[in-house]
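Reckoned from all heavy atoms, side chains included, excluding hydrogens, waters and symmetry mates.
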Amino acid sequence: MKKLIVLTWVALLFTTFGASAQQDKSKRPSPPAVVKETLGSGATITIDYSQPSVKGRTIGKEIAPYGKVWRTGANEATIFEVSKDVKINGKALAAGKYALHSIPGEKEWTLIFNKKWQKSGTDYNEAEDALKVVVKPGKSASFTEKMTFTVDKSGKVALIWGDVLVPFTVK
């Protein structure tokens, strides 16, 4: 009888902690999003991220500070995955999964594709970088409260957030 009670408590404990560990991501302050597109070349791009909101803050100051490595999203690391070898703005990136970090700036953003993708969003080690690409940000056509990635079949990718548009090309 004691064994049955102990086993019941152990099962209850695992069920309770397992359920809390598998929380519904949609109830987080920064909801999850996934964008996936297959390019004309046959390569599939998948970006799995969480969408931070501007909430009246200034990009480059209170959020995504200029000149500092940023997780390029919220919660866990943003995962950038390509099914085939590609070129990002002309620079080679092997097929696989990467954590996407960036260094925002007023006149340029550095996009960082880091080999260690299974990590918290704030965990970053430059030694694990697979590729860095410098891009020129622009103004978005309209204000976007929640950070959003777009990908089209031609390989044009954009991070759109607030009034910022950070474009890059995957071929």
Side-chain angles (χ1 to χ4, degrees), residues 18-55 59-60 63-105 108-135 137 140 144-162 164-171:
S20 64
Q22 297 291 327
Q23 285 179 348
D24 182 1
K25 290 182 178 183
S26 66
K27 293 182 182 176
R28 291 182 173 181
S30 297
V34 175
V35 62
K36 185 175 186 173
E37 185 64 66
T38 301
L39 309 182
S41 66
T44 300
I45 300 170
T46 306
I47 306 173
D48 187 349
Y49 63 106
S50 291
Q51 298 180 286
S53 294
V54 175
K55 296 182 184 174
I59 295 171
I63 50 175
Y66 289 158
K68 295 184 179 181
V69 174
W70 176 54
R71 68 176 116 192
T72 317
N75 306 325
E76 296 85 12
T78 290
I79 299 172
F80 183 91
E81 181 177 7
V82 286
S83 64
K84 294 182 175 185
D85 293 356
V86 296
K87 290 194 175 188
I88 309 282
N89 284 12
K91 294 185 176 184
L93 183 69
K97 287 185 180 183
Y98 300 89
L100 179 61
H101 295 275
S102 57
I103 302 173
E108 65 182 31
W109 282 48
T110 301
L111 301 177
I112 304 166
F113 299 84
N114 190 274
K115 296 176 209 169
K116 188 178 175 192
W117 60 273
Q118 291 178 308
K119 60 184 176 180
S120 77
T122 56
D123 181 23
Y124 172 71
N125 179 352
E126 187 174 14
E128 296 286 335
D129 291 350
L131 177 65
K132 288 184 180 180
V133 178
V134 176
V135 299
S140 62
T144 303
E145 177 65 27
K146 291 182 182 181
M147 187 191 83
T148 302
F149 280 97
T150 62
V151 181
D152 71 20
K153 288 196 177 293
S154 71
K156 291 180 183 175
V157 181
L159 179 159
I160 306 165
W161 194 29
V164 177
L165 173 84
V166 181
F168 61 101
T169 304
V170 180
K171 298 241 178 211

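- Pairing each heavy atom of P167 with each of P137, the nearest pair is CD-CA, 4.4 Å.
- Judged by distance alone, with hydrogens and angles left aside, the side-chain atoms of T150 form no donor-acceptor pair with the main-chain N or O of T148 at under 3.5 Å.
- Between M147 and S50, the shortest heavy-atom distance links the atoms CE-O, 3.8 Å.
- Taken from CZ in F80 to CG in D48, the straight-line distance is 12.5 Å, to the nearest 0.5 Å.
- Of the charged side-chain nitrogens involved, at least one lies within less than 4.0 Å of a carboxylate oxygen, so that E126 and K132 count as a salt-bridged pair.
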Inset, instruction - Could you give me the CA-CA distance, side-chain angles and deciding distance for T169 and I88, then say whether side-chain contact (heavy atoms from CB on, under 4.5 Å) is met? - result: CA-CA 6 Å; T169 304; I88 309 282; over 6 Å; no
Inset, instruction - Go through the steps to decide whether V135 and V166 satisfy the test side-chain contact (heavy atoms from CB on, under 4.5 Å), and finish with yes or no. - result: CA-CA 7 Å; V135 299; V166 181; 3.6 Å; yes
Legend entry - I112/I103 under side-chain contact (heavy atoms from CB on, under 4.5 Å): CA gap, chis, key distance, verdict: CA-CA 8 Å; I112 304 166; I103 302 173; 3.9 Å; yes
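- Here CG of L131 is found 11.5 Å from NZ of K87. Values are rounded to the nearest 0.5 Å.
- Shown here for P104 and P65, the closest heavy-atom pair between the two residues is CD-O, 3.9 Å.
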Inset, instruction - Walk me through it: do W109 and V134 pass the test side-chain contact (heavy atoms from CB on, under 4.5 Å)? - result: CA-CA 6 Å; W109 282 48; V134 176; over 6 Å; no
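- Residue K36 holds its NZ atom at 12.5 Å from CD1 of I47, rounded to the nearest 0.5 Å.
- Of the possible donor and acceptor atoms, none in the side chain of E37 sits under 3.5 Å from a partner among the backbone N and O of T46.
- The line from CD of E108 to OG of S102 is 12.5 Å long, rounded to the nearest 0.5 Å.
- Salt-bridge annotation for R71 and D123: absent, with no side-chain N of the basic residue lying under 4.0 Å from a carboxylate O of the acidic one.
- Y98 and D129 share no donor-acceptor pair across their side chains, judged by distance under 3.5 Å alone.
- Between the OG1 atom in T144 and the CH2 atom in W161 there is a gap of 11.5 Å [rounded to 0.5 Å].
- The side-chain heavy atoms of E128 and N114, taken from C-beta on, include a pair separated by under 4.5 Å.
- For the pair A77 and W117, the tightest heavy-atom approach, listed with the atom from each and the gap, is CB-O, 4.2 Å.
- With values rounded to the nearest 0.5 angstrom, Q118 atom CD is found 12.0 Å from E76 atom CD.
- With F149 as the partner, the side chain to side chain contact (heavy atoms under 4.5 Å, CB included) test is satisfied by one option alone out of V34, L100, I45: L100.
- Scanning all heavy atoms of the two residues, the minimum distance from E81 to K97 falls at OE1-CE, 3.3 Å.
- Proximity of K156 to V151: side-chain heavy atoms (C-beta onward) are nowhere separated by under 4.5 Å.
- Counted by atom type alone, T72 and T78 present zero donor-acceptor pairs between their side chains at under 3.5 Å.
- Within the 4.5 Å cutoff, no side-chain heavy atoms of K146 are placed close to those of S30.
- In terms of heavy atoms, A95 sits closest to D85 at N-OD1, 2.9 Å.
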